[in-house]
Engineer: 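Here it is, the structure in full.
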Amino acid sequence: MGLEDIAAKIAKASELKILIYDIERMKGSASVEFWSLSDFKHRRIHADDVTAWPRTICVAWRFLGDKTTQFASEWDDGPRKMHKRIWDAFNEADITVGHNSKAFDEKHLNTGWRDLGMTPPSPSRPIDTLSVARQRFGDESKTLDALCQRLGLAGKTDRYDV
């Protein structure tokens with residue numbers, strides 16, 4: 001019996017909606033003056049110099065037990081619909097699960113929702129697999145790919161170089 005089978009049994013027994021998700025982000029850009037290329041080594045970019053803010057460009061998710069992964073992107077759905085679709089999933093979830101999700105994904109989703117004038121979704125309990133790995137295990141690398149390899153699970157197969 002695999003981890004997903006055990007988690008599915010727990011979810012079914014307690015009738016919890018467990019949402020597993022991941023976001024991808026696009027870098028921002030800035031127009032700033034400089035004396036040499038080494039200027040940015042110890043220099044902070046000022047907000048006035050930002051020409052494009054980093055942004056969430058796509059999100060994938062599924063509820064534990066579902067067979068189909070959902071996907072929304074700004075190029076297919078536009079930013080508002082993309083954020084609304086993942087908001088709907090969060091609003092339905094009792095538990096959310098992601099890798100580095102508390103420190104990264106969740107905060108950026110909240111920012112996107114706020115910027116679009118959306119209210120926060122219903123509260124849910126976040127489980128961050130990176131935090132769990134750091135607290136419980138001594139793996140030398142705690143990236144999602146490395147952990148999946150060590151556990152014999154399928155990992156991310158695509159790489160983004162945008």
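Computation of the quantities below employed the complete heavy-atom set of this structure, encompassing side-chain atoms and omitting hydrogens, waters and symmetry-equivalent molecules.
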Engineer: Please report the shortest heavy-atom distance between A133 and K142, naming the atom on each side.
Structural biologist: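 Heavy-atom minimum between the residues: O-CE, 3.8 Å.
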
Engineer: Atom OG1 in T129, atom CG in L144: separation rounded to 0.5 Å?
Structural biologist: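 The OG1 atom of T129 sits 6.0 Å away from the CG atom of L144.
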
Engineer: Indicate the atoms forming the closest heavy-atom contact of S124 with A93, along with that distance.
Structural biologist: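 The answer is CB-O, 3.5 Å.
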
Engineer: Go through it in stages, so that I can follow the logic: the residues are R125 and L16, the test is side-chain contact (heavy atoms from CB on, under 4.5 Å), and I'd like the CA-CA distance, side-chain angles, deciding distance and then a yes or no.
Structural biologist: CA-CA 11 Å; R125 179 173 180 245; L16 293 174; over 6 Å; no

Engineer: Would you say R55 and P79 make side-chain contact, with heavy atoms under 4.5 Å?
Structural biologist: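 When only atoms from C-beta onward are counted, P79 and R55 do not touch, as no gap falls below 4.5 Å.
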
Engineer: Taking side-chain hydrogen bond (donor to acceptor under 3.5 Å, both in side chains) as the definition, give me every residue that meets it alongside E140, ordered by chain and number, with sequence neighbours left out.
Structural biologist: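 With neighbours one apart ignored, the set is R150.
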
Engineer: Within the side chain of T51, is there an N or O that forms a donor-acceptor pair under 3.5 Å with the backbone of S29?
Structural biologist: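 Checked: pair present.
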
Engineer: Would you check if E74 and M26 make a side-chain contact, meaning some heavy-atom pair closer than 4.5 Å?
Structural biologist: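 In short, these two side chains do not touch, never coming nearer than 4.5 Å.
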
Engineer: Do H99 and D22 come close enough that some side-chain heavy atom pair is under 4.5 Å?
Structural biologist: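 They are not in contact (no side-chain heavy atoms under 4.5 Å apart), so the answer is no.
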
Engineer: I86 versus L109: any side-chain heavy-atom pair under 4.5 Å?
Structural biologist: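 Yes, at least one pair of side-chain atoms sits under 4.5 Å.
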
Engineer: Roughly how far apart are K84 NZ and L116 CG, rounded to 0.5 Å?
Structural biologist: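 Answer rounded to 0.5 Å: 12.0 Å.
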
Engineer: Can you get from L19 to F104 by hopping between Ile, Leu, Val, Met, Phe, Trp and Tyr side chains that sit under 4.5 Å apart?
Structural biologist: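 Yes, one cluster joins them.
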
Engineer: Is there a path from L130 to I127 through hydrophobic residues (I, L, V, M, F, W, Y) whose side chains come within less than 4.5 Å of each other?
Structural biologist: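 No, no single cluster joins them.
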
Engineer: Would a distance-only check, ignoring hydrogens and angles, find a side-chain to backbone donor-acceptor pair under 3.5 Å from D105 to I23?
Structural biologist: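 Checked: pair present.
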
Engineer: Are I18 and V132 linked, directly or through other ILVMFWY residues, by side chains that come within less than 4.5 angstrom of each other?
Structural biologist: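 Looking at the clustering, V132 is in the same group as I18.
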
Engineer: Do you know the tightest heavy-atom contact between A89 and W61?
Structural biologist: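 Heavy atoms only, the tightest pair is CB-NE1, 3.6 Å.
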
Engineer: Would you indicate whether the side-chain heavy atoms of H83 and T56 approach each other to under 4.5 Å?
Structural biologist: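 Yes, at least one pair of side-chain atoms sits under 4.5 Å.
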
Engineer: To the nearest 0.5 angstrom, please state how far the CD1 atom of I57 sits from the CD atom of E24.
Structural biologist: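 Rounded to the nearest 0.5 Å, the CD1-CD separation comes out at 7.0 Å.
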
Engineer: Rounded to the nearest 0.5 Å, what's the gap from OG1 on T143 to CG on N100? Could you check?
Structural biologist: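 The CG atom of N100 is 11.5 Å from OG1 of T143, to the nearest 0.5 Å.
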
Engineer: When rounded to the nearest 0.5 angstrom, what distance separates CG in D128 from CD in Q135?
Structural biologist: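 Output value for this atom pair is 9.0 Å.
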
Engineer: Hey, what do you get for NZ (K107) to CG (N110), rounding to the nearest 0.5 Å?
Structural biologist: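 That separation rounds to 10.0 Å.
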
Engineer: Specify the closest pair of heavy atoms between A47 and W53, including all atoms of both residues, with the distance to one decimal.
Structural biologist: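 Closest pair (atom of A47, atom of W53, distance): CB-CH2, 4.0 Å.
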
Engineer: What's the shortest heavy-atom distance between I45 and A30, and which atoms?
Structural biologist: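 Taking every non-hydrogen atom into account, CG2-CB, 3.7 Å.
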
Engineer: Grouping I, L, V, M, F, W and Y whenever their side-chain heavy atoms are under 4.5 Å apart, do L64 and I95 come out in a common cluster?
Structural biologist: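 Yes, one cluster joins them.
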
Engineer: Sequence neighbours excluded, which residues qualify as salt bridge (charged side-chain N to carboxylate O under 4.0 Å, His left out) partners of D77?
Structural biologist: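 Counting only residues at least two positions away or on another chain, D77 forms a salt bridge (charged side-chain N to carboxylate O under 4.0 Å, His left out) with R85.
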
Engineer: Please answer whether the main-chain N or O of T68 pairs with a side-chain N or O of D66 as donor and acceptor at a distance below 3.5 Å.
Structural biologist: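 Such a contact is absent between D66 side chain and T68 backbone.
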
Engineer: For T69 and A60, which heavy atoms make the closest approach, and how far apart are they?
Structural biologist: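 Scanning both residues completely, I find the closest heavy atoms to be CG2-CB, 4.2 Å.
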
Engineer: According to ring-ring contact (aromatic ring centres under 6.0 Å, His included), who are the partners of F90, at least two apart in sequence or on a separate chain?
Structural biologist: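 With sequence neighbours excluded, F90 shows a ring-ring contact (aromatic ring centres under 6.0 Å, His included) to Y21, W113, given in chain and number order.
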
Engineer: Fit a plane to each ring of F71 and W75, take the angle between them on a 0 to 90° scale, and name the class: parallel (under 30°), tilted (30 to 60°) or perpendicular (over 60°).
Structural biologist: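 Taking W75 first and then F71, their aromatic rings sit tilted (interplane angle of 30° to 60°).
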
